Amino acid sequence: MRRKSVAVLDIRSSEITAVVGERGVNNTFIIKSKYSCAYDGYAEGELLDKDNFLSAVHDVVKSTVSAFGGVRSFFVGVPGEFIKLVNTDKVISFQSAKRIAKSDCEYLAGMSAPSDTDEYQTIRHSCLYFVLSDKRKIIDPVGAVSDSLQGKFCFYQCKNTFIDALMEAFKKFEGIAEINLIPTVHAEAIYLIDPEKRDEYAVLFDLGYISSSYSVVCGNGLAYSESFSVGIGHIAAYLMSELDLPFDVAYDFLGKVNLNAKEKLNSFEESVFEGRTYSFPTVTLRDKIREGLDCICETLEVCRQSFTGKNLEYKPVFITGGCVKTIRGTAEHISNRLVKNVEVIAPAVPYYDKPQFSSLLSLLDTALKDSKLA
C-alpha cells in the first residue's frame, strides 16, 4: 500500500465499512477502495452477536487486504457505546514565568491521565483548552509566557471486551501488525465542526440505526458525551408493533413519509413484501413515526439537562449520522420538539457531502493526521 494511504474501519450499529484513502487537494480525499458489510450491531455497550461481528470485520478487511498488498496497519473507529469519557482539570506551577514548551503540555497530560481498569483502557486523549496564569484560555499554549499552566483534558477509555473482540477479528491477518483505535465521537467532533464554533462549545448529535451519540464539543475535545441504544431502527420496530407489520415493511414505510408534507387526508402509502401489498393512510404512518421520533427527543433532552458545565440554551444542535435522511423531515421535527435550532451537518467533500459519510470521513481525516505525525 502506498505510504500516503491509510486503511480505516468504520463500525456503525448496522454496518461495518473499510476504506483505503489518502489526502486529495483542498482537504478532500481520494478513496482507493471501499467495502461494506451489514451485521447485527451493538446495544447497551455490548455486541449483539460476537461471531457475526467477527465475520463482518473479517470480510471487509479481507477484501481490503486482497485489493491492496502491503496493508500493515488499520485505524479503527470505536463507537461511542464502547467509550467512557473521563474529564480532568489539572494545574502545574513554575518557579517563575517561563515560555511554555510542548514538554510542559505533555507532562500536564501525563499527570492528568486516569488509571486503566479491568474494564476500560485509555486509547486517546485531547485537551479542551489550557488556561494561563493571567486567566487567558488558549488552545495551543506553546510559546506563551506564564508561571502556571492549567489543562482541561478529556480521556477516551475503551471497553476491554470490545478491544478483545476486535483483536480476535484481526488475528487471522498476520500481515497487519498495528491496530490504532480512534474514538468515533472525537473524530466527528473535530472534523465536522469548525474550530471557532468548538471554542465556544457546540452540540453534536449522531443519529444511528440502533445506537446514537450526543456530545458537547469544546476546543479540541469533548466536555460531555453520551451514547444510547436508540435509533431509526427502533422507530421501525415501533411501527411494526403498532401496525402489526413485518419489520422490512415498517422500515420501508419510513422512507415513504415526509413529515413536512401536507398530504390529503385520503392519501395512502404502499409497500410490497413477499408478494403481499401493505397499505396505510399517510397520516397514520406520519403520526406513528413522529411518536417514535419523540422518544429520541426525550433522550436528547435528558442528555442536555445532564450536562451542567455550560449554558447551551441558545446553542444549535448539529445533527449528522447515517440515518438523518432516512425519514424526510427528521431534523425539522426534532427542532420543533426541542424548540431549538437543529442544523444538519456533513463532510464538505464532493460526492461524500452527506451525513451518512460523516463518521467514515471523520475517521479518515483523523487517521491521515495521525499517520503524518508518526
Side-chain angles (χ1 to χ4, degrees), residues 10-17 36-44 46-49 51-53 55-56 59-60 79 81 205-213 227-300 319-337 342 344 354-359:
D10 181 22
I11 302 172
R12 301 290 295 177
S13 58
S14 63
E15 185 179 64
I16 298 176
T17 300
S36 297
C37 181
Y39 78 119
D40 291 341
Y42 45 80
E44 307 300 336
E46 300 291 342
L47 295 168
L48 296 179
D49 186 328
D51 290 338
N52 177 250
F53 169 77
S55 176
D59 287 350
V60 294
E81 287 269 358
F205 174 48
D206 184 314
L207 177 59
Y209 181 74
I210 297 176
S211 177
S212 304
S213 298
S227 293
F228 45 92
S229 300
V230 179
I232 292 296
H234 294 83
I235 300 177
Y238 177 71
L239 206 62
M240 175 184 71
S241 174
E242 290 290 302
L243 302 179
D244 191 23
L245 298 170
F247 181 84
D248 289 344
V249 174
Y251 193 81
D252 185 48
F253 275 137
L254 297 185
K256 293 180 180 294
V257 175
N258 185 346
L259 300 181
N260 294 328
K262 302 293 183 182
E263 285 95 349
K264 297 178 181 178
L265 292 178
N266 60 352
S267 65
F268 281 75
E269 303 297 338
E270 290 187 352
S271 179
V272 180
F273 179 68
E274 294 184 345
R276 178 181 172 183
T277 299
Y278 296 83
S279 179
F280 280 91
T282 305
V283 66
T284 299
L285 293 171
R286 187 192 299 118
D287 288 345
K288 295 300 179 183
I289 291 172
R290 282 174 174 164
E291 290 173 10
L293 276 173
D294 284 347
C295 292
I296 293 177
C297 292
E298 289 171 7
T299 306
L300 285 174
I319 185 171
T320 195
C323 293
V324 172
K325 298 294 187 179
T326 300
I327 304 169
R328 286 171 291 173
T330 292
E332 292 82 357
H333 179 82
I334 294 176
S335 176
N336 294 333
R337 185 72 167 76
V342 175
V344 177
K354 300 176 178 62
Q356 69 193 69
F357 297 115
S358 288
S359 59

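Worth saying up front: this structure is predicted, and the values here are computed from it rather than measured. Residue numbers start at 1 and run along the sequence shown.
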Legend entry - Polar side-chain atom of Ser229 near backbone of Ser211 as donor-acceptor pair, under 3.5 Å: no
Legend entry - Inter- and intrachain pairs under side-chain hydrogen bond (donor to acceptor under 3.5 Å, both in side chains), touching residues 240-250, at least two apart: Glu242-Lys288
Legend entry - Leu259 side chain reached by Arg328 side chain, heavy atoms, under 4.5 Å: no
Inset, instruction - Answer yes or no: is there a side-chain heavy-atom contact under 4.5 Å between Phe280 and Leu245? - result: yes
Inset, instruction - For Thr299 and Cys295, indicate whether the former's side chain and the latter's backbone hold a donor-acceptor pair under 3.5 Å. - result: yes
Inset, instruction - Give a yes or no on this: more than 12 heavy atoms of other residues, nucleotides or ligands lie within 6.0 Å of atom NZ of Lys354. - result: yes
Legend entry - Residue that, paired with Ile327, satisfies side chain to side chain contact (heavy atoms under 4.5 Å, CB included) out of Asn258, Val257, Leu207, Ile232: Ile232
Inset, instruction - Starting at CG of Asn336, measure out to CZ of Arg290 and round the result to the nearest 0.5 Å. - result: 9.0 Å
Legend entry - Between CD1 on residue Ile334 and CD1 on residue Ile319, distance to nearest 0.5 Å: 4.0 Å
Legend entry - Heavy-atom closest pair, residues Tyr278 and Phe253: O-CZ, 3.6 Å
Inset, instruction - For residues Leu239 and Ala250, report the shortest heavy-atom separation together with the two atoms involved. - result: CD2-O, 3.6 Å
Inset, instruction - Please identify each residue that fulfils salt bridge (Lys or Arg N to Asp or Glu O under 4.0 Å) with Glu298, with sequence neighbours left out. - result: Arg337
Inset, instruction - State, yes or no, whether a side-chain contact exists between Phe205 and Ser212 at a heavy-atom distance under 4.5 Å. - result: yes
Inset, instruction - Decide yes or no for Ile296 and Ile235: does some side-chain heavy atom of the first lie under 4.5 Å from some side-chain heavy atom of the second? - result: yes
Legend entry - Close side-chain approach of Val230 to Ile210, heavy-atom, < 4.5 Å: no
Legend entry - Contacts of Phe228 that satisfy ring pair (Phe, Tyr, Trp, His ring centres under 6.0 Å) - sequence neighbours left out: none
Taking distance alone, no hydrogens or angles, what donor-acceptor pairs closer than 3.5 Å link side-chain atoms of residues 36-43 to residues at least two apart or in another chain?
residue, atom, partner, partner atom, Å
Ser36, OG, Thr17, OG1, 2.8
Tyr39, OH, Arg12, O, 2.6
Tyr42, OH, Ser13, N, 3.4

Legend entry - Taking every non-hydrogen atom, the tightest pair across Glu269 and Thr282: OE2-OG1, 3.1 Å
Legend entry - Contact summary for Pro281 and Phe268, nearest pair of heavy atoms: N-CD2, 3.5 Å
Inset, instruction - For the residue pair Asp51 and Ser55, establish whether any side-chain heavy-atom pair is separated by less than 4.5 Å. - result: no
Legend entry - Set of ring pair (Phe, Tyr, Trp, His ring centres under 6.0 Å) partners for Tyr209, sequence neighbours left out: Tyr251
Inset, instruction - Go through Ser227 and Glu81 one step at a time and tell me if the side chain to side chain donor-acceptor pair (under 3.5 Å) criterion holds. - result: CA-CA 5 Å; Ser227 293; Glu81 287 269 358; 5.9 Å; no
Inset, instruction - State the CZ-CD distance between Arg286 and Glu291, to the nearest 0.5 angstrom. - result: 13.0 Å
Inset, instruction - Take Ser271 and Lys256 through the side-chain contact (heavy atoms from CB on, under 4.5 Å) test and state the conclusion after the steps. - result: CA-CA 9 Å; Ser271 179; Lys256 293 180 180 294; 4.3 Å; yes
Legend entry - Heavy-atom side-chain contact between Asn52 and Leu47 under 4.5 Å: no
Legend entry - Polar contact flag, side-chain donor to acceptor under 3.5 angstrom, Asp294-His333: yes
Legend entry - Side-chain donor-acceptor pair present, Asp206, Thr320, cut-off under 3.5 Å: no
Legend entry - Any residue meeting salt bridge (Lys or Arg N to Asp or Glu O under 4.0 Å) with Glu332, in chain and number order, not counting sequence neighbours: none
Legend entry - Spacing of CG belonging to Leu243 relative to OG1 belonging to Thr284, to within rounding of 0.5 Å: 7.5 Å
